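Encoded as structure tokens, the structure appears first; notes follow it.
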Amino acid sequence: MKTMKIWRIMFMMLVAFSLASCSSDDDNVDKVEQVTVYVSAETGTYTPLFSDEPVEGMQIQEKGSARWSCVHFATITGFTYKKGNEYELLVKKTTLANPPQDSSNIRYELISIVSQRKVE
């Protein structure tokens, strides 16, 4: 009988610890930071989600990254891309903790155009 009580207590403690470890709110917070983004004068193509057809888009690269990404022209809110121009932008980058299933987990919003240069 005593052994049964000990097992019940141990089981209850295990359940309590399991539930407590699942209640972390740290993962449910959007991460917001200011980053520098370079926009190429040349466009590229990418294939949107749920499509087989490639689409034209602008090429962007975050400062410190070696990789260029081709994204939709409206990816950076408040920014209008003009083909043939290179840009250096200061943007607010928001990494969404709970993004929609059918879109990116990253949102960009223009803070300022640091430089713009016409490429011939």
Side-chain angles (χ1 to χ4, degrees):
M1 195 64 149
K2 210 174 197 185
T3 326
M4 192 63 124
K5 274 188 175 179
I6 292 173
W7 280 109
R8 284 183 185 165
I9 291 171
M10 288 178 62
F11 178 75
M12 295 302 279
M13 289 176 62
L14 178 65
V15 169
F17 285 126
S18 296
L19 292 175
S21 66
C22 293
S23 67
S24 172
D25 289 336
D26 294 342
D27 296 338
N28 294 328
V29 178
D30 294 345
K31 179 182 174 188
V32 179
E33 57 188 319
Q34 286 187 6
V35 296
T36 299
V37 172
Y38 303 104
V39 182
S40 175
E42 298 177 15
T43 60
T45 58
Y46 69 100
T47 305
L49 195 62
F50 307 119
S51 174
D52 296 329
E53 298 294 320
V55 215
E56 185 178 28
M58 62 181 175
Q59 296 186 67
I60 65 170
Q61 178 186 46
E62 284 189 31
K63 185 176 186 175
S65 173
R67 192 173 85 92
W68 286 88
S69 300
C70 189
V71 296
H72 190 273
F73 292 115
T75 296
I76 303 172
T77 304
F79 173 68
T80 304
Y81 176 78
K82 292 181 186 167
K83 196 184 271 190
N85 289 296
E86 286 182 343
Y87 299 90
E88 181 179 344
L89 309 175
L90 182 62
V91 298
K92 178 173 88 171
K93 177 184 175 183
T94 305
T95 305
L96 302 174
N98 295 310
Q101 287 185 332
D102 60 347
S103 68
S104 175
N105 68 328
I106 297 175
R107 302 275 189 258
Y108 293 103
E109 183 178 336
L110 180 67
I111 295 172
S112 66
I113 298 175
V114 177
S115 68
Q116 176 180 354
R117 184 175 70 92
K118 179 85 172 156
V119 176
E120 311 237 352

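Since this is a predicted model, take the numbers as computed values, not measurements. When reading the values below, keep in mind they use all heavy atoms of this one structure, side chains included, and skip hydrogens, waters and symmetry mates.
Shown here are the salt bridge (charged side-chain N to carboxylate O under 4.0 Å, His left out) partners of Glu33, two or more places apart in sequence or in another chain: Lys31.
The distance from atom CD of Gln34 to atom NZ of Lys93, rounded to the nearest 0.5 Å, is 13.0 Å. Lys118 contributes atom NZ, which lies 9.0 Å from atom NZ of Lys82 (distance to the nearest 0.5 angstrom). Expressed to the nearest 0.5 Å, how far OG1 of Thr75 lies from CD of Glu109 amounts to 13.5 Å. In this structure, CG in Asp52 is found 8.0 Å from OG1 in Thr47, a value given to the nearest 0.5 Å.
Between Thr77 and Arg107 the shortest side-chain heavy-atom distance does not fall below 4.5 Å.
Residue-environment remark: CD (Glu42) stays at or below the threshold of 12 foreign heavy atoms within 6.0 Å.
Residue Gly44 comes nearest to Cys70 through the heavy atom pair C-SG, 3.3 Å, listed as atom of the first residue, atom of the second, then distance. Leu96 approaches Pro100 most closely through the heavy-atom pair CD1-CD, 4.3 Å. Considering every non-hydrogen atom in both Pro99 and Ser104, the closest pair reads CB-O, 4.0 Å. Across Ile111 and Lys92, no two heavy atoms sit closer than the pair CD1-N, 3.6 Å. Nearest approach of Ala97 to Asn28, heavy atoms of both residues: CB-C, 3.6 Å. For Lys83 against Thr43, the heavy-atom pair with the smallest separation is CE-CG2, 3.8 Å.
Membership of the apolar cluster around Tyr38 extends to Trp68, as traced through chained side-chain contacts below 4.5 Å between ILVMFWY residues. Other cluster members for Val91: Val35, Val37, Val39, Met58, Ile60, Val71, Phe73, Ile76, Phe79, Tyr81, Tyr87, Leu89, Ile106, Tyr108, Leu110, Ile113, joined by side-chain heavy-atom distances under 4.5 Å among Ile, Leu, Val, Met, Phe, Trp and Tyr.
With hydrogens and angles disregarded, no donor-acceptor distance shorter than 3.5 Å links the side chain of Asn85 to the backbone of Ala41.
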